[in-house]
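Order of the sequence lines fixes the chain letters, A, B, ..., with proteins taken first and strands second; residue numbering starts at 1 for each chain.
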Amino acid sequence: MHEIIICEKPKASEKIASALSGKAIKKNYKRVPYYELQNNGKKTTVLAAVGHLYSLAPTKRGKKIFDVDWVPLYEKDKSKKYVKNYIDAIKKLSKDADTFIHACDYDIEGTLIGYNALKYACGDESVNKAVRMKFSTLTTEDITEAYQNPITLDLNQVDSGIARHVLDFLFGVNISKYLTDSVMKATKRYIQLSAGRVQTPTLSILVDREKEIHKFIPEPYWLIKARLEGKITADHKKGKIFQKEDADGILADVENKDAKIKKIDLKKTKKPRPFPFDLGSLQSEAYSLFGFNPKKTQQIAQNLYTEGYTSYPRTSSQKLPKSIGYPKILKKLSKSAAFRKQVDKLKKPYKPNEGKKTDEAHPAIHPTGSMPKGLAKDSQKLYELITYRFISVFGEDGLVETMKTDLTIGSQNFIFTRKRTVKMGWQEQYPFRKVENDDFPPISEGDVLKVKKIISEEKETKPPARYNQASLIRELEKRGLGTKSTRANIISILYDRKYVEGNKIKVNFLGEHLIDTLKKYSQKITSEELTREFEEKLEGIMGGEAQKDNIIAEAKVEITSILDDIEKNKLKIGEELYDAYRKSMIVGECKCGKNLILIDSPRGDPFVGCSGYPECKSTYSLPRGAVILKTKCEKCDLPLISYGKPRQRACLDLKCGREGREPTNEVVGTCPDCGNELIKRSGRYGEFIGCRGFPKCRFTKSIEEKS
DNA sequence: GCAAGGTC
């Protein structure tokens, strides 16, 4: 007897092997780990996939791609070479097997991962023999229970997984191809265009926000403030005053009058302990504290996990079940003096604060207790963030005292608020955020204070803010678009295609025009509707009320009509999209008066050239990794670029004679929050102004765009 | 080349 267990990933195979036997032996085949164990004379081999091992690919050449089949992932994607060893290991080690257990995650994708591994690596026969382990956590109890009570492999669930892949492929690949072809036919130029069930609605959310901003009409309002003796600034209780006459009336009323303290309200409120991190909240926090984009956070977290320092990062759980053994983890962390200082303050027995969100397969992100050595700077930052957050979850609630003071000047009501921390609690374990620390002025009810100055500030209402990568991820999560593992990637595709740019995500002409075009030819792909429709259809297949093949056939009819429609109008579509693309690539003005354009050809390095080519032959090469800035060179008016490590600035024309290549962190002012220097920083997605005191002070502001 | 979904 030889039994094979197939798991979704290497970490899972390790846990499953050790749960089934204390004597599992770890072996390697072509550097792929697997486990062997003996049970009453029966040999069991525990094997691992690495997520999907197979991917869809066209089987026939043609303009419309409707025939697809599974091929090994490494054949399609050259960056996935490591997958070959995993497939080879499964093929080789399952040769003489007679029993097959499918032990991948119990969800649609997991079911399909295991099914394809069985079908294409172990052979068709293995599918018929296979049984399914169903577990929700990788604890010894759950695994043993699932092993002893296997269920039959649900082929409806498999079909539903296949349908999801095929539908996404047919819609995404075909529409993308037709858009790109339109540009090619109309202009003989290649620009990579794409559309998909998730990326297009995501872009559409950004376009909608852009339109809101565009149509926003600012409204003037006034804020009236009173500077009092004792360094107090009180605000008029009405807040925004939209009528100038009202503001003037208030000013007349308060003129030359003292302030009387009417009421002082002292209140203590809890500052509750935070939740442990799930992937989305980690991405959000690392963005706001360190400026890491979500993709970067995900990559670093993946490395920390692979090295064994932190737990599995692709989780939506905010739970820390007892089974992870947190007393032991906290004890191990105490080997570091800095962590010990905080762990020692925790009250026993340890009880974590938990959020509502759960995950079928993984707990919240936490350190394992294995201490990292020699981490790169950014990895160290993220590791400490995860670890301090983990410790703080066991801390005590903080306590903030609020002083709310009502006062009158003439017959007008003013108010000011001060906050101070009376108990740090968990904030001692989580040293990343500013702690409230205002002075409470020594005043009592009935006191009369001198008014030093009355200020009337004229302001304007502001349009809704643009999304940044962190807030966009939160929005996608809210709408159920994409998955925790794919959202960061989807956003990065929008940048790569030049649909959007900037830290505060701004849609380019190309992005906006693409959505306009698709709304004409395939309204559905621009909205969340398609995701909702897929969900219903997959539900139907899973319940046995619908057939996978029928649903795919229906989709083909629908897609054919969309594609034929695009085909009929391809010259117009192609020309317009190309025009929008050119406009998106404008980076400044050429000396000849025409536009300078970033030329990003699929062959060769990107460079800057004139839109007046061939009349004007000006071109400028770009150093590797250069970002073109909105700021102009003070000598020759061409745009400046920022490049290299550490970031330096130079003129686009390196020969223009501009002095110096000062570092990009030039001082541009004083931080209104903490008084430190404000410096210009630049990231991959553009420039912004930040505080020198970062991360203690998190003040940032965008650089005004000159238009 | 093109999607979205797993994972190293």
Checklist entry - A/Asp105 has an atom CG; how far is it from atom C1' of B/dG6, in whole Å? => result 9 Å
Item to check | Distance, nearest 0.5 Å, that separates CG of A/Leu20 from OH of A/Tyr147 | outcome: 6.0 Å
Checklist entry - Which part of the nucleic acid does A/Tyr312 contact within heavy-atom distance under 4.0 Å: base, sugar-phosphate only, or nothing? => result sugar-phosphate
Item to check | Nucleotide nearest A/His52 when distance is taken to its side chain, options B/dC8, B/dG6, B/dC2 | outcome: B/dG6
Item to check | Side-chain N,O (A/Gln192) to OP1/OP2 (B/dG1) below 4.0 Å | outcome: no
Next on the checklist: Within the 4.0 Å heavy-atom criterion, would you say A/Ala49 contacts the bases, only the backbone, or no part of the nucleic acid?
Outcome noted: nothing
Checklist entry - B/dT7 phosphate, OP1 or OP2: any side-chain N/O from A/Tyr305 under 4.0 angstrom? => result no
Checklist outcome for this item: Here the distance between atom C1' of B/dG1 and atom CD1 of A/Ile175, to the nearest Å, is 17 Å
Checklist entry - Does the side chain of A/Arg314 get closer than 4.0 angstrom to OP1 or OP2 of B/dG6 through an N or O atom? => result no
Item to check | Distance in angstrom units between A/His165 NE2 and B/dT7 C1', rounded | outcome: 13 Å
Next on the checklist: Which nucleotide wins on minimum distance to the side chain of A/Arg164, given the candidates B/dG6, B/dG5, B/dC8?
Outcome noted: B/dG5
Checklist entry - Minimum heavy-atom separation for A/Met133 to A/Tyr106, with atom names? => result O-CD1, 4.5 Å
Checklist entry - When all nucleic acid strands are considered with a 4.0 Å heavy-atom cut-off, which category describes A/Arg31: base, sugar-phosphate, or nothing? => result nothing
Checklist outcome for this item: Partner of A/His165 under ring pair (Phe, Tyr, Trp, His ring centres under 6.0 Å), picked from A/Tyr54, A/Trp70, A/Phe534, is A/Trp70
Next on the checklist: Side-chain N or O of A/Tyr54 versus OP1/OP2 of B/dG6: is the shortest distance under 4.0 Å?
Outcome noted: no
Item to check | Under 4.0 angstrom between A/Thr486 side-chain N/O and B/dA4 OP1 or OP2 | outcome: no
Item to check | Separation of B/dA4 P from A/Asp496 CG (nearest whole Å) | outcome: 13 Å
Checklist entry - Looking for any heavy atom pair under 4.0 Å, which part of the strands does A/Leu56 touch: base, sugar-phosphate only, or nothing? => result base
Checklist entry - Which part of the nucleic acid does A/Gly110 contact within heavy-atom distance under 4.0 Å: base, sugar-phosphate only, or nothing? => result nothing
Next on the checklist: Please determine whether side-chain contact (heavy atoms from CB on, under 4.5 Å) holds for the pair A/Leu304 and A/Leu375, giving the CA-CA distance in whole Å, both sets of side-chain angles, and the decisive distance to 0.1 Å.
Outcome noted: CA-CA 9 Å; A/Leu304 291 172; A/Leu375 287 182; 3.9 Å; yes
Checklist entry - Any idea which of B/dG6, B/dA3, B/dC2 is nearest the A/Lys177 side chain? => result B/dC2
Item to check | 5' priority, DNA chain B, between A/Tyr82 and A/Pro58 [closest heavy atom] | outcome: A/Pro58
Next on the checklist: Please determine whether a side-chain nitrogen or oxygen atom of A/Gln302 lies at a distance below 4.0 Å from atom OP1 or OP2 of B/dT7.
Outcome noted: no
Checklist entry - In whole angstroms, how far is the P atom of B/dT7 from the CD1 atom of A/Ile87? => result 16 Å
Item to check | Among A/Asp516, A/Thr187, A/Val183, side chain to side chain contact (heavy atoms under 4.5 Å, CB included) partner for A/Leu577 | outcome: A/Val183
Next on the checklist: Under a 4.0 Å threshold between the charged nitrogen and the carboxylate oxygen, would A/Glu533 count as salt-bridged to A/Lys537?
Outcome noted: yes
Next on the checklist: Strictly below 4.0 Å: does A/Arg197 bring a side-chain N or O up to OP1 or OP2 of B/dC2?
Outcome noted: no
Checklist entry - Under 4.0 Å between a side-chain N/O of A/Ser194 and OP1 or OP2 of B/dA3, yes or no? => result yes
Next on the checklist: In this structure, how many angstroms lie between the C1' atom of B/dA4 and the CG atom of A/Leu73, rounded?
Outcome noted: 12 Å
Next on the checklist: Within the 4.0 Å heavy-atom criterion, would you say A/Lys11 contacts the bases, only the backbone, or no part of the nucleic acid?
Outcome noted: nothing
Next on the checklist: Does A/Leu193 form a side-chain contact (heavy atoms from CB on, under 4.5 Å) with A/Leu510? I'd like the steps, not just the answer.
Outcome noted: CA-CA 10 Å; A/Leu193 293 171; A/Leu510 179 59; 4.0 Å; yes
Checklist entry - For the pair made of CD1 in A/Ile525 and P in B/dC2, what is the distance, rounded to whole Å? => result 16 Å
Checklist outcome for this item: Assign each of A/Arg487 and A/Ile191 the nucleotide of DNA chain B bearing its closest heavy atom; nearer the 5' end lies the nucleotide of A/Ile191
Checklist entry - Is the distance from OP1 or OP2 of B/dG6 to the nearest side-chain N or O of A/Thr483 less than 4.0 Å? => result yes
Checklist entry - CH2 of A/Trp70 versus C1' of B/dG6: gap in Å, rounded? => result 10 Å
